[in-house]
Amino acid sequence: MESVIPQTAAPAKQITVASKNPVKIAAALEGFQRLFPHNTYAAHGISVPSGVPEQPFTDSETLQGALNRAQNAREQEPQADYWIGIEGGVADTPNQTAGTLESFAWVVVIDREGARMGKARTAAFYQPEEVARLVRGGMELGHADDQVFGRSNSKQINGSVGLLTGDVVDRQSYYVQAVILALIPFRNTGLTF
């Protein structure tokens with residue numbers, strides 16, 4: 001009689017998201033699961049500093065915030081398999097006319113070996129002047145959205161993009177594509193990035 005050795009599932013790979021925002025945690029997990037459907041992942045968030053202002057105001061400042069978050073998460077929880085920083089930002093045109101405040105986010109992924117890093121930027125969209133004025137005045141985008149749209153804590157639900165698109169694109173789906181794009185180097189390990 002042939003013995004059957006039960007197959008045990010590989011332990012879930014651990015993803016540490018450099019935020020406690022449930023939208024960012026869910027987006028990170030979904031991105032990994034969609035690009036690597038044969039692996040098992042578990043994600044959780046931790047609070048770490050970004051090293052940039054609460055509301056980053058340039059593309060490079062936003063990218064630096066995502067990178068800092070991923071690196072700080074790695075320092076705080078070195079036992080994870082992946083660390084991911086997601087940083088939302090805005091950029092204004094020099095003349096600051098109506099319809100010129102652009103919103104976007106950067107995603108940075110670092111792996112345990114430290115040999116690979118993935119980076120990707122979301123699509124961009126423009127804020128209405130009612131929101132832009134508040135942000136230019138020093139208010140963080142999520143708070144400005146809440147004030148203009150009469151919401152509370154929208155950045156942990158559908159975000160600015162969800163409010164403006166009627167949830168056709170919510171904040172989680174907005175981030176998922178950028179997470180997948182940031183994972184390109186991890187899927188294509190034979191290529192140099």
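Hydrogens, waters and symmetry mates play no part in the numbers below; they use all other heavy atoms, side chains included.
Looking at heavy atoms from C-beta onward, Val131 lies out of side-chain contact with Leu101 at the 4.5 angstrom threshold. Looking at Leu183 and Phe36, their side chains come closer than 4.5 Å, going by heavy atoms from C-beta outward. Taking 4.5 Å as the limit, every side-chain heavy atom of Lys13 sits out of range of all side-chain heavy atoms of Ile15. In this structure, the side chains of Pro128 and Leu164 come closer than 4.5 Å at one or more pairs of heavy atoms. Between Val17 and His44 there is no side-chain heavy-atom pair separated by less than 4.5 Å. Between Pro49 and Asn72, some side-chain heavy-atom pair lies under the 4.5 Å cut-off. Residues Tyr82 and Ile110 form no side-chain contact, since every pair of their non-hydrogen atoms from C-beta on lies 4.5 Å or further apart. Contact annotation: the side chain of Val135 never approaches that of Gln127 to less than 4.5 Å [non-hydrogen atoms, C-beta and beyond].
Listed for the Thr122 side chain is a donor-acceptor partner under 3.5 Å among the backbone atoms of Ala105. In terms of modelled atom types and a separation under 3.5 Å, the side chain of Ser173 and the main chain of Val169 share no donor-acceptor contact. Without hydrogens or angle criteria, Gln55 side chain to Leu141 main chain gives a donor-acceptor distance under 3.5 Å. When atom types are taken as modelled, the side chain of Asp167 and the backbone of Asp170 share no donor-acceptor pair closer than 3.5 angstrom. For the pair Arg69 (side chain) and Val48 (backbone), a donor-acceptor distance under 3.5 Å is present.
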Practice problem: For the pair Gln14 and Glu77, evaluate side-chain contact (heavy atoms from CB on, under 4.5 Å) and give the outcome as yes or no after the intermediate values. | Solution: CA-CA 10 Å; Gln14 298 298 311; Glu77 288 199 1; over 6 Å; no

Practice problem: Show your working on side-chain hydrogen bond (donor to acceptor under 3.5 Å, both in side chains) between Asp146 and Ser152 and close with a plain yes or no. | Solution: CA-CA 5 Å; Asp146 288 347; Ser152 177; 5.4 Å; no

Quiz prompt | Pair Val108-Met117, side-chain contact (heavy atoms from CB on, under 4.5 Å): steps then yes or no | solution = CA-CA 7 Å; Val108 174; Met117 176 187 297; 3.9 Å; yes

Quiz prompt | Gln71/Asn68 under side-chain contact (heavy atoms from CB on, under 4.5 Å): CA gap, chis, key distance, verdict | solution = CA-CA 5 Å; Gln71 290 172 334; Asn68 291 348; 4.2 Å; yes

Exercise. Mind running side-chain contact (heavy atoms from CB on, under 4.5 Å) on Ile25 and Leu29 for me, showing each step along the way?
Key: CA-CA 6 Å; Ile25 297 165; Leu29 182 60; 5.7 Å; no

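Contact detail for Glu102 and Ala124: the closest heavy-atom pair is OE2-CB, 3.1 Å. Taking all atoms of both residues into account, the shortest heavy-atom contact from Gly31 to Val179 is CA-CG1, 3.8 Å. Nearest approach of Asp145 to Gly159, heavy atoms of both residues: OD2-C, 4.5 Å. When all heavy atoms of Arg116 and Gly190 are compared, the closest pair comes out as NH2-N, 4.3 Å. What you find for Ala182 and Ala120 is that their closest heavy atoms are N-CB, 3.5 Å. Residues Arg112 and Ala80 approach most closely at NH2-O, 3.1 Å, considering heavy atoms.
If you chain together hydrophobic residues whose side chains sit under 4.5 Å apart, Leu181 and Val176 never meet in one group. No path of Ile, Leu, Val, Met, Phe, Trp and Tyr side chains, each step under 4.5 Å between heavy atoms, connects Trp83 with Val52, placing them in separate hydrophobic clusters. In this structure, Val107 is a member of the same hydrophobic cluster as Ile180, with clusters built from ILVMFWY side-chain heavy atoms closer than 4.5 Å. Note on Phe57 and Leu63: same hydrophobic cluster, where clusters join Ile, Leu, Val, Met, Phe, Trp and Tyr whose side-chain heavy atoms are under 4.5 Å apart, directly or indirectly. A continuous path of Ile, Leu, Val, Met, Phe, Trp and Tyr side chains, each step under 4.5 Å between heavy atoms, connects Leu163 with Phe125, placing both in one hydrophobic cluster.
Salt bridge present: Glu129 and Arg136 bring a charged side-chain N and a carboxylate O closer than 4.0 Å.
From Asp111, atom CG reaches atom CZ of Phe186 across 4.5 Å, with rounding to the nearest 0.5 Å. Atom CD of Gln79 and atom OG1 of Thr16 lie 6.5 Å apart (nearest 0.5 Å). A distance of 8.5 Å separates OG in Ser50 from CD in Glu61, rounded to the nearest 0.5 Å. One distance of note links CG of Asn158 with OH of Tyr174; it measures 13.5 Å at 0.5 Å rounding. Within the model, atoms CH2 of Trp106 and OH of Tyr175 stand 14.0 Å from one another, a figure rounded to the nearest 0.5 Å. Separating the CD atom in Gln147 from the CD atom in Glu130 is a distance of 11.5 Å, to the nearest 0.5 Å.
Annotation: Glu140, atom CD; neighbour count of heavy atoms from other residues, nucleotides and ligands within 6.0 Å is above 12.
Residue pairs meeting the salt bridge (charged side-chain N to carboxylate O under 4.0 Å, His left out) criterion with at least one partner in residues 35-59, sequence neighbours excluded, are Asp59-Arg121. The stretch residues 173-193 participates, sequence neighbours left out, in no salt bridge (charged side-chain N to carboxylate O under 4.0 Å, His left out) pair at all.
The aromatic rings of Phe32 and Tyr41 lie tilted to each other, with the angle between the two planes from 30° to 60°.
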